[in-house]
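Before any comments, here is the structure.
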Amino acid sequence: MGGLVVLGVLARCLIGAIGLFATAAHAAEPVDIAIGYLGRAGAPQTLSPLDQPAPDDGVAGARLAIEDNNTTGKFLNQRFTLIDRRVKDDEDAAQAANELAGKTGFILADLPADTLLKVADALRGRGTTLLNVGSTDDRLREQDCRANVLHVAPTRSMLADGLAQYLVWKQWKRWLLVTGSHDNDKLFADALRRAATRFGAKIVEERSFEDTGGARRTDSGVTLIQRQMPVFTQKAPAYDVLVAADESEVFANYLPYRTWDPRPVAGSAGLRPTSWDPAQDQWGATQLQNRFMKLASRRMDALDMQAWMAVRMVGEAASRTNSGDAKAMADYLKGPNFTIAAFKGTRLSLRDWNLQLRQPILLADGRMIVSVSPQEGFLHQVSELDTLGVDRPETKCKLQ
Amino acid sequence: MLMKMLCPTRWKRFHWQGDRYGSVRQAMTNDDASAMPASPRLPGEAGLHRRCNPGEGGSAHAVLTETAPLPVKTGERERTVRAARSRIYLTKGRMRELCRRQFARGLRLAAGLLTAALLLAQASPAFAYVAFVSNEKGNTVSVIDTDTWTVTKTIKVGQRPRGIAFTRDGKFVMVAVGDDDTIQVIDAKKMEVVDTLPSGPDPELFAQDAAGKTLYVANENDNTVTVLDLEKRVRIGDVQVGVEPEGMMLSPDGKILICTSETTNMAHFIDTATRKIVANVLVDARPRYAEFKTDGSELWVSAEIGGTVSIIDPAKREVTGKIKFAVPGLRSEAIQPVGISLTKDGKTGFVALGPANRVAVVDGATHEVKKYLLVGQRVWHMEFTPDEKYLLVTNGVSNDVSVIDVAAQKVIKTIQVGELPWGITIAQP
């Protein structure tokens, strides 16, 4: 009898000890999930000093999402960290990515298209997933798509379609298209032409603005610009809106209020299509902006938001799969059940044919959000978000 | 002479409509009910007529026969017109007869005024509730009389009023004014703001215990739930929760507080005694609202962006089922569940579907969607009248409140309120 009691006590102690051990182990060892950020060092010059990106542009959004993930992670025993790595123009990005891939299964990439492709191919087979947060090039989602790259940034065609839907809704269907002389400007112009055809706008004339070099800003600049821009835009056929394709920041912001005919400007200046804007405060975004302001002492721009979404996607995969296993998480992200909330009034998901994140496009004038596309009435059999950009039947992507 | 006046001999062919107390007026022939002149009243009938004509200022009824049931509290416009049309052609003699009868009844009523008035005074409290609606953009609270279904008062409050609830004693209405970082207290009788509560930053929704002594507030901006002593009006604690806490609900036994966090996507179970989180249940994206069955057997949590309602077993603290919605002709992204109300018997649930502009009627046992009721634009929160006869839902974008007849499962009325109506609360009798 006494022996039985002793045995019982012993057993209870043992169970208790195991329980204690398990709890201690559980509390002591959270699952560590590191996320890399591979970005460009330095930022290009902009025409408006207000548009000049902060040194932590992008990475600040990633940091905020790490904080948000960790708030959630403390309930799931997951801990997120960010490894920030900047590459200079003369540095080998592929090597930097390889080093990062040794420490993390997910790398946010804010890189030009060619560099991103090089990095993606260097990482092939390593089980690391790249999240493209910086490049809007359509070819990365089409002929040059890669199975190890998810695209969080919208494409030029998505941006152009978002703008075109609104201009058509507004009945501003006659466009004067002005294109810069750089390659990226021309790509944006291509996207705008495609959008005009898709949604029934007409480009009444095209003009090209040659970049002849020179400083973005000078002390006497405005006097000259005030004379140049009206002359540049005169003798145009009747048009409703001037659409500018100037990603290189050479002329577009000089156009508003200076066109020969009194016409609104859209595209790279005036009414701009974007994935996010510091003025966005709908759908609970106020809270996000407030958190961001607390962290970065400024408001959130598009690159910050794209990085925030990318890190949140990784966080979402970790909490839904309840694991830190990179493969399981990547499979979840590419699977049919993945959706994410990002303060854009609707759930976002990945297009399974090219791994592009579906998302609404905001139209901002630098002060306010003017509208959000897709516009009412542009219908689609699967998702209205697929009225923006290249749709499944048109895609050239073969994921591999 | 009076008879002659009331019952003219030269009848024209037009639509007739009256109510059971004898007033006769031209029926609506178009949609403009408000343009109707006030009906002529018999001497001494005014009070009675008013009491029994809740449709004033919006709808009217078409009850002309003696065997008519009690006045329809609120008539659907369509139904009214249809009913009126069915009575278009009445013979001269029949009309005069009806009119005579009505006149006689009017006299009888005038005679029995005192008794009737007393009876009505007794009967009326069962119906006349008061609903307070917070208008997020208007910075106002609209007061709705559920007897007349009209807005009787608009109260100016602080900035961005959202969560709103009566205190347990029914004397005050608390409204979270997020952009002023406080909760304002409205005197329900005086209908003005009389006090504020130290809620913590950006309060959105809150829950109070059964005794009305403790208030739990979700502070969206700093990921906390603030605990307030309602009597002493002081903060007595904080609970750290997930990112952007929103939905707040106490279990029927008061032991567990549920807090949903919108970016963490969880329903946190907080022990109200220790104020510690005891469980976290992952739900779909952007959980907005939590509601218990009155017997505590189920917890429903809506996920706005996920587009689902998770059914959680509060004992096991795990998701046991999910309600999914599909409205023909609507893309699934437009279906964004927010507010939930469950009948006391747990048999029927109502779920507001946001920009889908519909309220889903859900079977409480099988969790199947039985019906979608078309309401106003971007429907958010809702509240039953205490008798559970009606459910009032706020439609943010169309700036109105839809009234749903719970038994008939039909929308019977729309009431214009302030800008962007958000939350709603109705006084318990």
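- Expressed to the nearest 0.5 Å, how far CG of A:L385 lies from CD of B:E333 amounts to 5.0 Å.
- Within a 6.0 Å radius of NZ in B:K137, other residues, nucleotides and ligands contribute 12 heavy atoms or fewer.
- No more than 12 heavy atoms of other residues, nucleotides or ligands shown are found within 6.0 angstrom of CD on A:E376.
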- [ ] Mind running side chain to side chain contact (heavy atoms under 4.5 Å, CB included) on B:Q240 and A:K74 for me, showing each step along the way?
- [x] CA-CA 11 Å; B:Q240 285 298 313; A:K74 74 178 184 227; 4.1 Å; yes
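- Chain A forms the most heavy-atom pairs under 4.5 Å with one residue out of B:H268, B:E262, B:E304, and that residue is B:H268.
- Annotation: the span from A:E67 atom CD to B:N223 atom CG amounts to 9.5 Å, rounded to 0.5 Å.
- With a 4.5 angstrom heavy-atom cutoff, A:R320 touches chain B via backbone and side-chain atoms both.
- Using a 4.5 Å cut-off between non-hydrogen atoms, no part of residues 417-424 of chain B approaches chain A.
- Atom CG of residue A:N322 and atom CG of residue B:L282 lie 8.5 Å apart, to the nearest 0.5 angstrom.
- Using modelled atom types and a 3.5 Å distance limit, the side chains of B:E220 and A:N290 yield no donor-acceptor pair.
- Residue B:V281: no heavy atom, backbone or side chain, is found under 4.5 Å from chain A.
- Nearest heavy-atom pair across B:V241 and A:T71 is O-CG2, 3.5 Å.
- Here A:T72 contributes atom OG1 and B:N280 contributes atom CG; the two are 9.5 Å apart, rounded to the nearest 0.5 Å.
- In this structure, CZ on A:F343 lies 3.5 Å from OG1 on B:T263, to the nearest 0.5 angstrom.
- For residues 316-332 of chain B, heavy-atom neighbours of chain A at less than 4.5 Å comprise B:R331, B:S332, sorted by residue number.
- In this structure, chain B has a heavy atom under 4.5 Å from the side chain of A:E316, while its backbone stays farther away.
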- [ ] Before giving the answer on side chain to side chain contact (heavy atoms under 4.5 Å, CB included), spell out for A:L76 and B:M266 the whole-Å C-alpha distance, their side-chain angles and the decisive distance to 0.1 Å.
- [x] CA-CA 11 Å; A:L76 296 168; B:M266 282 178 180; 3.5 Å; yes
- [ ] In sequence, state the C-alpha distance, the side-chain angles, and the governing distance for A:Q287 and B:E244, and then conclude on side-chain hydrogen bond (donor to acceptor under 3.5 Å, both in side chains).
- [x] CA-CA 7 Å; A:Q287 274 76 42; B:E244 292 162 34; over 6 Å; no
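- With a 4.5 Å cut-off on non-hydrogen atoms, B:R288 does not touch chain A at all.
- We find the CD1-OG1 distance between B:I305 and A:T346 to be 6.0 Å, quoted to the nearest 0.5 Å.
- Between A:W283 and B:R286, the shortest heavy-atom contact is O-NH2, 3.4 Å.
- In this structure, chain A has a heavy atom under 4.5 Å from the side chain of B:D202, while its backbone stays farther away.
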